[in-house]
Amino acid sequence: MPDLHTRTDTGAARDEQRYDPHRIEEKWSARWQQQPELFRAEPFDSPRPKYYVLEMLPYPSGALHMGHVRNYSIGDALARHMWMKGYNVLHPMGWDAFGLPAENAAIKAKTPPKQWTLSNIAHMKAQMKRLGFAYDWSKEVTTCLPDYYRWNQWFFLKMYERGLAYRKKSRVNWCPECATVLANEQVVNGCCWRHTETPVQQRDLEQWFLRITDYAQELLDDLDRLSGWPEKVRTMQRNWIGRSEGALIDFKIDGAAWQGSDTISVFTTRIDTIFGATSIQLAPEHPTLANLIGNNPELHARVDELMAEQRRAKEAGDVGEIEKHGMFTGRYAINPFNGEKLPIWVANYVLMDYGTGAIMSVPAHDERDYEFAKKYGLEIRIVILPRRQGEPPQAGEEDTALLPYTGTDSLLINSGPYSELSCEEAMKRMAQDAERGGFGKAAVTYRLKDWGISRQRYWGAPIPMLYCDHCGIVPVPEKDLPVILPENVDITLSGGSPLGKVKEWVNTTCPTCGGSARRETDTMDTFVDSSWYFYRYTDPTLETAPVAPKTIGYWFEIDQYIGGVEHAILHLIYSRFWTKVMRDLGLIANSEPVARLFTQGMVLKDGAAMSKSRGNVVSPDEIVARYGADTARVYILFAAPPDRDLDWSDSAIEGVHRFLGRVHRFIAQNPVQRIGTAYCVQQLSPEARRVLRKLHQTIKRISDDFAGRWHFNTSVAALMELLNELTAYPEIFACASRKAAPSALVAEIQRTFVLLLAPFAPYLAHELWEMLGETSNLLRESWPEYDTALAKEEELEIVVQINGKIRDRLVVSAHSSEEELRKLALAAPKVQATLDGRQLLRAIVVPGKLVNIVVR
RNA sequence: GCCCGGGUGGCGAAACUGGCAGACGCACGGGACUUAAAAUCCCGGGCCCCGAAAGGGGCGUGCGGGUUCGAUUCCCGCCCCGGGCACCA
């Protein structure tokens, strides 16, 4: 039984070795606050190669959630790793601080949006610091401050000058809950993206638009070059841009006797089927309709009905499902290819906002037209020879069971001079002939629409435009920027733009004529803010321009961007557009903002996204309070590969905490100072060699994870395995009996372990680094290199199979030749027993793995 | 309907180019230390069958086929879950 004295000693030693994350993390957190330069990027003349790693900036909604923690833990691990790899790393953070959520929350909390937002930022910034993310806070960007949004306004003026920003009356998506307009991108299944239960309505308003469609083709083409982007995201953007090739064809209206257009232009991707057109279908909103039906109240009422059906479907989000209805207008149009008179109809399945809002209806060769023609008894005329898959076209009795036949792998019939041409050939010739004849041409349309950026809301960047009674629309002169968003504004939801009520702000003088003018009272969509913030990070306080050319030229493109896949379309396509505009303004040289994109999986709770309304939000604060930041960070990386969705459960977090505790103890109980004497690998004991081998294998695994798939869950697992191996040989590391290995080896192992741990658990790594007697900045230490020779196993266990079934295992030298392995395997007693009386066909040897003996 | 992911023990997952399925961890069971507990450490483990045990046999990566000496991995056909697009002419 130990005496009291001894027991006290042991207890004290144990206390010292106990892992106390709060003491460690507070200590290092305080140091990092005092030395912010530790995480600061060096200027563009740094001798180190640059690396720009960026995580998507958050909304300052109030507090961080686990999705943020995941995003930033991935980015921070990478940033720290790249620092250690010798790069000059830019790793900034900022705040997407304008926007509806902030404003709505401010209304509820009865605090001005600015105050509410800034206090949220302060809180979330403190959370980030507590979590130990290595951000260069000297680069911080806050989009709701005039220093930043003045450049939004500046960009807007430049775009206006170039005709890229324009104003037009348009039917817009209106969310009654937000009391504002939504971009097409913000409408999800016919509902507001923020109020997923609230159907979006349609209204006509004067809006500002950015001409993103001017860049549609380039946005599409450049996707092919973004090889560092997930294919999924590129496909989503391709679909969103929605390019389709076809032709525009003008149909003359028979007996048109009114002013203006006497033709109906249709867009088709199947001009080769035009001899099969048996009607023209117009969208209920088509502008020519008024002329066609005159003032016949009955027809007007019917059109209104069709329009209403379509709108209701749009609002309900099931545009694809509504029953097709239509109405004959009583008028006809002339098919320019054969002079035939086609009845003009109105149909609820034709959309005004795609193509020209009019189609030629070819029932035999289009699903929708077929359905419609069947319903209304319109003629169905076959002009493409229907064929079954894999069979040649059968001329003669056309098989109507194959209708509608929409394939393009056949021949034309009943098509005048084009009969017997292939579809492909016919499309080419017909488009040419249409152009020659002056009634059409080949054309391309896009699904992508211009970007409506006007918002009837308060908390956003004011659009820098004026309305003068005398001069009309007048841009605010550049020297008058920024147009400051006034404070103390009533932002209740009583409709219209809140800024319109601030008379002293709205009323101003016209810079052109000096007369009275009114300011634009709409503000910009917040996606404008996030479309270029990553450029501003490089020089956030610059007062003379949005960006500094040299600095931008050095840092761009962004080497690695990390964020949620939910931004695959909106944010990332706007950012790409903005980049191209900035390039055309001569501000930057790059055409794309992001070289490599990583889309992390979502953090779910019970299979659903975490959200305040669901009440299933897990706060990182509780985890940090209980286990410390390192545990929280390592756990979220360990729980699943970063690209996969993660259903949050903290059941396994104890294990990670235990692991960090064991790491702490492993070093704390016997930190070995680095000393001069080297060791000779050949003279090491087999145990010591084994430990060294595992060390090098671990370096390789973790380095490979960083260079490849970022499966940091396996990196953490590798560290756990290494620790298990190290603690399996206490005689190597114990103070008293360290004859099993030289101190230099122990010192090397301990240091390397800390370096490998540093990207994942920075607090603990720094503490242990200091404990090892090191005073250098851990982040500037070199990432460990592995030695292939040292990592190689000396002995291997190989499997002996008979007909693919495992029958034995052999431990052999790693240098064994194929022939040796074959002999050893055949000689194994178990193999001999099984082989008895059977015919040996062959033996397949896979060096280092197995021998498979094939018998009959 | 079309286009992407994914489906492996009680759970999170691993196996990266066809070669020992289940590394690592959680939870669980047993043990050590302790007056006791906590903490810590050690051992066990896919499922089923035979056996007191040592050991042995069979089945197993959503389902059904195929290729191969050998398939979680490749091919064909399905099922289920998640995401994106969808009268786009």
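To find a chain, count down the sequence lines: A is the first, B the second, and so on, and within it residues start at 1.
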Measure [atom1]/[X] against [atom2]/[N] and give the value in whole Å, please.
{"X": "A:R270", "N": "B:rC88", "atom1": "CZ", "atom2": "C1'", "value": "15 Å"}
{"X": "A:K849", "N": "B:rG19", "atom1": "NZ", "atom2": "P", "value": "7 Å"}
{"X": "A:R662", "N": "B:rA39", "atom1": "CZ", "atom2": "C1'", "value": "14 Å"}
{"X": "A:D643", "N": "B:rC16", "atom1": "CG", "atom2": "P", "value": "15 Å"}
{"X": "A:E371", "N": "B:rG1", "atom1": "CD", "atom2": "P", "value": "16 Å"}
{"X": "A:N852", "N": "B:rG18", "atom1": "CG", "atom2": "P", "value": "17 Å"}

**Request:** Assign each of A:V656 and A:I853 to its nearest nucleotide of RNA chain B by heavy atoms, then name whichever residue's nucleotide is nearer the 5' end.
**Result:**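 Of the two residues, A:V656 wins.
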**Request:** Using the closest heavy atom to pick a nucleotide of RNA chain B for each, name whichever of A:R842 or A:Q801 lands nearer the 5' end.
**Result:**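 Final value for this comparison: A:Q801.
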What is the ring orientation for [X] with [Y], classed by angle as parallel under 30°, tilted 30 to 60°, or perpendicular over 60°?
{"X": "A:F712", "Y": "A:F706", "answer": "tilted"}
{"X": "A:Y19", "Y": "A:H657", "answer": "tilted"}
{"X": "A:Y635", "Y": "A:W648", "answer": "perpendicular"}

**Asked** Quick one: is B:rC88 close enough that its OP1 or OP2 comes under 4.0 Å of any side-chain N or O from A:R368?
**Response**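 Indeed, a polar side-chain atom of A:R368 lies that close.
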**Asked** Is there a side-chain polar atom (N or O) of A:K805 under 4.0 Å from OP1 or OP2 of B:rC59?
**Response**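 It does, given that an N or O in the side chain of A:K805 lies less than 4.0 Å from OP1 or OP2 of B:rC59.
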Of the nucleotides [options], which has the atom closest to the [X] side chain?
{"X": "A:R658", "options": "B:rA89, B:rA15, B:rU40", "result": "B:rU40"}
{"X": "A:R665", "options": "B:rU40, B:rC59, B:rC4", "result": "B:rU40"}
{"X": "A:K232", "options": "B:rG25, B:rG83, B:rA89", "result": "B:rG83"}
{"X": "A:R709", "options": "B:rC41, B:rC16, B:rC20", "result": "B:rC16"}

Span that lies between the [atom1] atom of [M] and that of [N], in whole angstrom:
{"N": "B:rU40", "M": "B:rG46", "atom1": "C1'", "value": "29 Å"}
{"N": "B:rG62", "M": "B:rU8", "atom1": "C1'", "value": "10 Å"}
{"N": "B:rC50", "M": "B:rU35", "atom1": "C1'", "value": "46 Å"}
{"N": "B:rG51", "M": "B:rG57", "atom1": "C1'", "value": "11 Å"}
{"N": "B:rC69", "M": "B:rG10", "atom1": "P", "value": "34 Å"}
{"N": "B:rG66", "M": "B:rC28", "atom1": "P", "value": "44 Å"}
{"N": "B:rG9", "M": "B:rC24", "atom1": "C1'", "value": "15 Å"}
{"N": "B:rC74", "M": "B:rC81", "atom1": "C1'", "value": "24 Å"}

Exceeds 12 heavy-atom contacts within 6.0 angstrom, atom [atom1] of [X]:
{"X": "A:E797", "atom1": "CD", "result": "yes"}
{"X": "A:R234", "atom1": "CZ", "result": "yes"}
{"X": "A:R238", "atom1": "CZ", "result": "yes"}

**Prompt:** Measuring from A:Q281:CD to A:M327:CE, what's the distance to the nearest 0.5 Å?
**Reply:**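 Interatomic distance, A:Q281 CD to A:M327 CE, rounded to 0.5 Å: 10.5 Å.
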**Message:** For the CE atom of A:M602 and the CZ atom of A:R644, what is their distance to the nearest 0.5 Å?
**Reply:**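 The CZ atom of A:R644 is 14.5 Å from CE of A:M602, to the nearest 0.5 Å.
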**Request:** Pick out which of A:Q310, A:E305, A:E309 makes a side chain to side chain donor-acceptor pair (under 3.5 Å) with A:N348.
**Result:**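 Exactly one pass, corresponding to A:E309.
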**Asked** Across all strands, who's sitting opposite B:rU40 as a Watson-Crick or G-U wobble pair, both distances under 3.5 Å?
**Response**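 Partner of B:rU40: B:rA32.
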**Asked** Does B:rG1 have a Watson-Crick or wobble partner in any strand here, with both distances under 3.5 angstrom, and which is it?
**Response**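 Paired with B:rG1, as far as the under-3.5 Å criterion goes, is B:rC85.
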What is the nucleic acid contact for [X], judged by heavy atoms within less than 4.0 Å: base, sugar-phosphate only, or nothing?
{"X": "A:V799", "result": "base"}
{"X": "A:Q281", "result": "nothing"}
{"X": "A:V350", "result": "base"}
{"X": "A:R809", "result": "base"}
{"X": "A:I844", "result": "base"}
{"X": "A:E797", "result": "base"}

**Message:** Distance criterion of 3.5 Å, no angle test: do you see the side chain of A:K324 paired donor-to-acceptor with the base of B:rC87?
**Reply:**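 In this structure, the two groups form a donor-acceptor pair.
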**Asked** Under 3.5 Å, is there an N or O donor on one side and an acceptor on the other linking the side chain of A:N239 and the base of B:rC85?
**Response**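 For A:N239, whose side chain was compared with the base of B:rC85, there is no donor-acceptor pair (under 3.5 Å).
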**Message:** Within 45 degrees of the ring normal and closer than 6.0 Å to the centroid, is that where the cationic atom of A:K324 sits relative to A:Y349?
**Reply:**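 Satisfied, under 6.0 Å and within 45°.
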**Message:** Can you list, in residue-number order, the parts of residues 715-725 of chain A that come under 4.0 Å of RNA chain B, counting heavy atoms only?
**Reply:**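 Correct list: A:A717, A:M720, A:E721, A:N724.
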Polar-atom pairs under 3.5 Å, protein N or O versus N or O of nucleotides 9-13 of chain B: list them with distances, or write none.
| residue | atom | partner | partner atom | Å |
| --- | --- | --- | --- | --- |
| B:rG12 | O2' | A:A639 | O | 2.4 |
| B:rA13 | O3' | A:N713 | ND2 | 3.3 |

**Message:** I want to verify the glycosidic state of B:rG77; is it syn or anti under the 90° rule?
**Reply:**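 Anti, which is what one calls it when the glycosidic angle falls more than 90° from 0.
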**No-hydrogen, no-angle side-chain donor-acceptor test under 3.5 Å, A:Y446 and A:T213** =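 No, no side-chain donor-acceptor pair sits under 3.5 Å.
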**Asked** Given the rule in the salt bridge (Lys or Arg N to Asp or Glu O under 4.0 Å) test, do A:E820 and A:K823 qualify, once you have shown the distances and angles that lead to the verdict?
**Response** CA-CA 5 Å; A:E820 283 166 344; A:K823 275 185 191 154; over 6 Å; no
